[in-house]
Amino acid sequence: MEITFQNLEWAVPTIQKMAQKNSGLTTIFRRIRKNKKYSFFGDIVLLLCISSILADESKRPKTRSEISYALRKIEEYKQMPKKAKMELLDQFYGVFLATEKDKKSPVNNKKEVKKY
């Protein structure tokens, strides 16, 4: 008996190609969800993967409503209580904010002081 594990690494090139065409978060999600190769994964996990790739590509959504619009396409999200929806939206938006902070503030931002 052979056990195989699937991960989203093979979906990354497809998502990056779509991101280079300036496709939005919802558009990429809809196109990938239609593909039967990616149907094995849950919608929220897939959307989080797309979000992190877009954040790495610096294609951050301008507002929280863009993320909310993409989340509303997920059936599981529709059945969640309101508080859980808000927490999930905050987590998704936090992915974009965290990568933006990392790019703005370099790790080695200390200036060397010359000693005479």
Side-chain angles (χ1 to χ4, degrees):
M1 183 161 92
E2 191 174 315
I3 297 175
T4 57
F5 295 98
Q6 292 192 356
N7 58 14
L8 286 168
E9 288 181 16
W10 48 274
V12 171
T14 308
I15 295 168
Q16 287 175 337
K17 185 190 285 186
M18 289 182 190
Q20 288 174 352
K21 294 179 182 178
N22 290 329
S23 298
L25 179 66
T26 307
T27 306
I28 294 173
F29 175 70
R30 276 187 282 130
R31 287 184 184 165
I32 287 190
R33 181 45 57 207
K34 284 181 185 177
N35 193 339
K36 294 189 182 206
K37 287 193 312 188
Y38 307 109
S39 64
F40 179 76
F41 300 103
D43 291 342
I44 294 175
V45 174
L46 188 61
L47 192 60
L48 186 61
C49 178
I50 295 168
S51 301
S52 64
I53 291 171
L54 288 177
D56 291 341
E57 299 276 328
S58 298
K59 303 203 182 213
R60 166 186 182 287
K62 291 162 185 61
T63 61
R64 292 170 57 103
S65 62
E66 291 180 48
I67 299 169
S68 176
Y69 183 72
L71 283 170
R72 280 184 267 145
K73 302 293 181 194
I74 300 172
E75 198 63 38
E76 301 153 357
Y77 181 78
K78 292 177 185 177
Q79 296 172 358
M80 291 176 144
K82 188 173 182 176
K83 186 174 182 177
K85 287 181 182 180
M86 293 303 295
E87 289 173 357
L88 189 63
L89 181 61
D90 290 341
Q91 288 175 352
F92 271 90
Y93 200 65
V95 168
F96 292 107
L97 294 179
T99 53
E100 190 173 281
K101 281 182 187 177
D102 291 342
K103 289 179 182 179
K104 283 185 179 179
S105 61
V107 175
N108 298 325
N109 59 359
K110 295 180 181 177
K111 295 181 180 179
E112 292 184 25
V113 178
K114 293 181 182 180
K115 294 184 179 180
Y116 295 101

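The first residue of the sequence shown is numbered 1, and numbering continues consecutively from there. Fair warning: this is a prediction, and the values are worked out from it, not measured in the lab.
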- Message: Let me confirm one number: the CD-CG distance from E76 to L88, rounded to the nearest 0.5 Å.
- Response: 10.0 Å
- Query: Roughly how far, to the nearest 0.5 Å, is the OG atom of S65 from the CG atom of L71?
  - Reply: 11.5 Å
Quick one, [X] and [Y] - any side-chain contact, counting heavy atoms below 4.5 Å?
{"X": "E66", "Y": "T26", "value": "no"}
{"X": "I53", "Y": "I28", "value": "no"}
{"X": "M18", "Y": "I32", "value": "yes"}
{"X": "L46", "Y": "R33", "value": "yes"}
{"X": "I67", "Y": "L47", "value": "no"}
{"X": "F92", "Y": "I44", "value": "yes"}

- With the 4.5 Å side-chain cut-off for hydrophobic clustering, are Y93 and L25 part of the same group? yes
- Query: Do you reckon I74 sits in the same ILVMFWY cluster as Y69, going by side-chain contacts under 4.5 Å, direct or chained?
  - Reply: no
- Item | Where at least one partner belongs to residues 77-92, residue pairs that pass side chain to side chain donor-acceptor pair (under 3.5 Å), sequence neighbours excluded | R64-D90
